[in-house]
2 protein chains.
Amino acid sequence: MTETAEAHSPTGSVRVLLAEDQGMMRGALALLLGLEPDIEVVAQVARGDEILAAALDSAPDVALLDIELPGRSGLDAAAELRARCPGCRVLILTTFGRPGYLRRAMEAGARGFLVKDGPVEELARAVRRVLRGETVVDPALAAAALSAGPSPLTRREADVLTAGADGSTVADIAHALHLSESTVRNYLSAAIGKTGTRNRTEALREARSQGWL
Amino acid sequence: MTETAEAHSPTGSVRVLLAEDQGMMRGALALLLGLEPDIEVVAQVARGDEILAAALDSAPDVALLDIELPGRSGLDAAAELRARCPGCRVLILTTFGRPGYLRRAMEAGARGFLVKDGPVEELARAVRRVLRGETVVDPALAAAALSAGPSPLTRREADVLTAGADGSTVADIAHALHLSESTVRNYLSAAIGKTGTRNRTEALREARSQGWL
DNA sequence: GCACGACCGTGACATTTGTCCTGCCCAGGA
DNA sequence: TCCTGGGCAGGACAAATGTCACGGTCGTGC
């Protein structure tokens with residue numbers, strides 16, 4: 001007995017949940033997938049914190065999740081789905097092929113990782129492959145993710161870095177995180193050192209591009 | 001005689017050029033527009049510097065342009081099309097409804113300005129309205145753009161700000177722009193003052209959110 | 001001609017940022 | 001048990017950043 005048979009709804013049509021914040025993108029993808037004879041979009045959400053409820057409600061076979069969503073990260077939602085909605089396979093669909101994103105997606109139990117570049121046809125193909133139990137990942141990206149290793153930043157270092165992303169001063173960050181200014185400077189210095197950069201702005205860029213935040 | 005008749009190709013089908021860097025988005029929109037019986041996508045490009053050539057080649061009625069494109073800004077391309085391809089109406093399609101973007105789009109001769117939020121149906125509707133000679137702009141956004149006034153930053157202030165966006169030091173910027181470090185600091189200070197912010201990072205954020213860069 | 005503003009530069013100065021070293025507490029592993 | 005690593009904090013110091021006052025050159029417009 002194949003995995004496909006288990007996962008399929010009896011009608012033979014793949015039930016897909018779509019989570020994507022940009023309205024036009026969401027609508028376009030939904031319409032597109034809906035055109036495929038064997039695919040049916042049963043739920044659409046624009047926020048990360050609406051994913052779980054929608055999934056429990058509509059029991060999709062595949063959840064197509066953007067990562068950067070308002071309310072809750074698609075990666076967090078993926079982990080949640082894994083626990084609360086085991087029949088549902090997660091396929092991550094993201095703008096950025098950051099090594100750290102891929103790593104975290106896999107750790108969260110995602111079955112596939114797709115970048116928003118590349119042709120649209122890949123989307124339906126990936127949905128079907130994931131449903132068949134295959135794992136869908138760009139090999140080059142996978143290699144990069146493996147070779148890069150996990151994030152060298154500690155939880156607090158990442159916190160401080162993101163808290164300063166908007167141009168906040170050391171004092172601002174210290175206040176926001178209930179830390180002393182000395183501590184903030186120490187974390188920032190550590191983050192700068194670990195990223196091999198020269199200041200917090202560069203450190204932030206590097207950490208972001210690696211998917212460490 | 002209506003404007004529509006002038007602009008239309010004889011077949012009665014609207015010829016559309018699509019410029020959008022994200023592959024999946026581009027493909028999805030092209031497919032979608034292609035589904036409309038009266039619309040035909042005659043050219044697709046992923047870079048800003050390919051727009052003009054493609055337009056001259058395919059003579060579209062409407063050019064659907066993203067703003068943030070590699071190679072050349074969609075806004076610059078719009079101004080170019082206005083001069084070299086007068087029969088072609090420009091419809092800007094962008095992620096961010098920044099007041100300054102709208103202002104510059106209109107100054108560049110765009111006939112419409114659409115944000116990527118909002119439903120997909122708006123897209124085909126906007127294409128048709130632009131072709132009929134109407135101007136398509138979200139009224140709330142238009143009001144914001146008008147009330148905000150034009151950018152207070154001079155060309156050089158904007159240059160220096162963007163050159164420092166990646167965390168470059170004063171010395172880096174000075175070298176990149178062939179300026180003295182003192183001059184760079186003066187421009188930076190001016191930009192910080194005009195944006196009412198406390199440092200270059202905040203100034204950059206503010207200038208970006210206003211569409212001044 | 002003159003005022004104005006954009007452009008470019010200098011130098012001095014105060015503040016912020018980044019580095020390094022020290023110390024303490026606590027949890028988990030060898 | 002000791003050792004290590006994370007979290008937190010203080011202090012001293014050098015470097016980068018931001019401010020200000022000043023001077024000069026252009027072009028545009030009144």
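Residue numbering restarts at 1 for every chain, and letters A, B, ... go by the order of the sequence lines.
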[X] [atom1] to [N] [atom2], straight-line distance once rounded to whole Å:
| X | N | atom1 | atom2 | result |
| --- | --- | --- | --- | --- |
| L153(A) | dG6(D) | CG | C1' | 13 Å |
| H178(A) | dG7(D) | NE2 | P | 17 Å |
| E181(B) | dT19(D) | CD | P | 17 Å |

Problem - Lys/Arg cation over aromatic Y101(A): R104(A), 6.0 Å, 45° cone - result: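 Because its charged atom misses either the 6.0 Å distance or the 45° angle limit, R104(A) does not stack over Y101(A).
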Practice task
Return the minimal non-hydrogen interatomic distance between L17(B) and L65(B), and the atom names on each side.
Solution key: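 Here L17(B) and L65(B) meet closest at CD2-CD2, 4.0 Å.
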Practice task
Please name the residue in the list I92(A), D138(A), L123(A) that meets the side-chain contact (heavy atoms from CB on, under 4.5 Å) test with L114(A).
Solution key: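 Answer after filtering I92(A), D138(A), L123(A): L123(A).
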Practice task
Only one of V62(B), V127(B), L32(B) passes side-chain contact (heavy atoms from CB on, under 4.5 Å) with I39(B); say which it is.
Solution key: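 Checked V62(B), V127(B), L32(B) against I39(B); only one passes side-chain contact (heavy atoms from CB on, under 4.5 Å): V127(B).
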Practice task
Kindly state which residues belonging to residues 184-210 of chain A come within less than 4.0 angstrom of DNA chain D, counting heavy atoms of the residue only, listed by number.
Solution key: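 Result for residues 184-210 of chain A: R185(A), N186(A), Y187(A), sorted by number.
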What does [X] touch in the nucleic acid at a heavy-atom separation under 4.0 angstrom: a base, only the sugar-phosphate, or nothing?
| X | value |
| --- | --- |
| S180(B) | sugar-phosphate |
| T154(A) | sugar-phosphate |
| T169(B) | sugar-phosphate |

Exercise for the section: With axes from five pairs an end, tell me the bend angle of the helix from dG1(C)-dC30(D) to dA30(C)-dT1(D), nearest 10°. Expected result: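 Here the local axes at opposite ends form an angle of 30°.
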Handout entry: Boundaries of the DNA chain C segment in contact with chain B, non-hydrogen, under 4.0 Å
Key =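 Going 5' to 3' along DNA chain C, contacts run dA6(C) to dA12(C).
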Are the side chains of [Y] and [X] in contact, using a 4.5 Å heavy-atom criterion?
| X | Y | value |
| --- | --- | --- |
| V45(B) | R26(B) | no |
| I173(A) | R200(A) | yes |
| L29(A) | M24(B) | yes |

Problem - D172(A) side chain to T169(A) side chain, donor-acceptor N/O pair below 3.5 angstrom - result: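 There is such a pair between these side chains.
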Problem - Toward the 5' end of DNA chain C, by each residue's nearest nucleotide, A171(A) or S182(A) - result: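 Residue closer to the 5' terminus by nearest nucleotide: A171(A).
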Take atom [atom1] in [X]; do more than 12 heavy atoms of anything else shown fall under 6.0 Å from it?
| X | atom1 | value |
| --- | --- | --- |
| R198(B) | CZ | yes |
| R128(B) | CZ | yes |
| R84(A) | CZ | no |

Problem - dG7(D) phosphate, OP1 or OP2, under 4.0 Å from R155(A) side-chain N/O - result: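 No.
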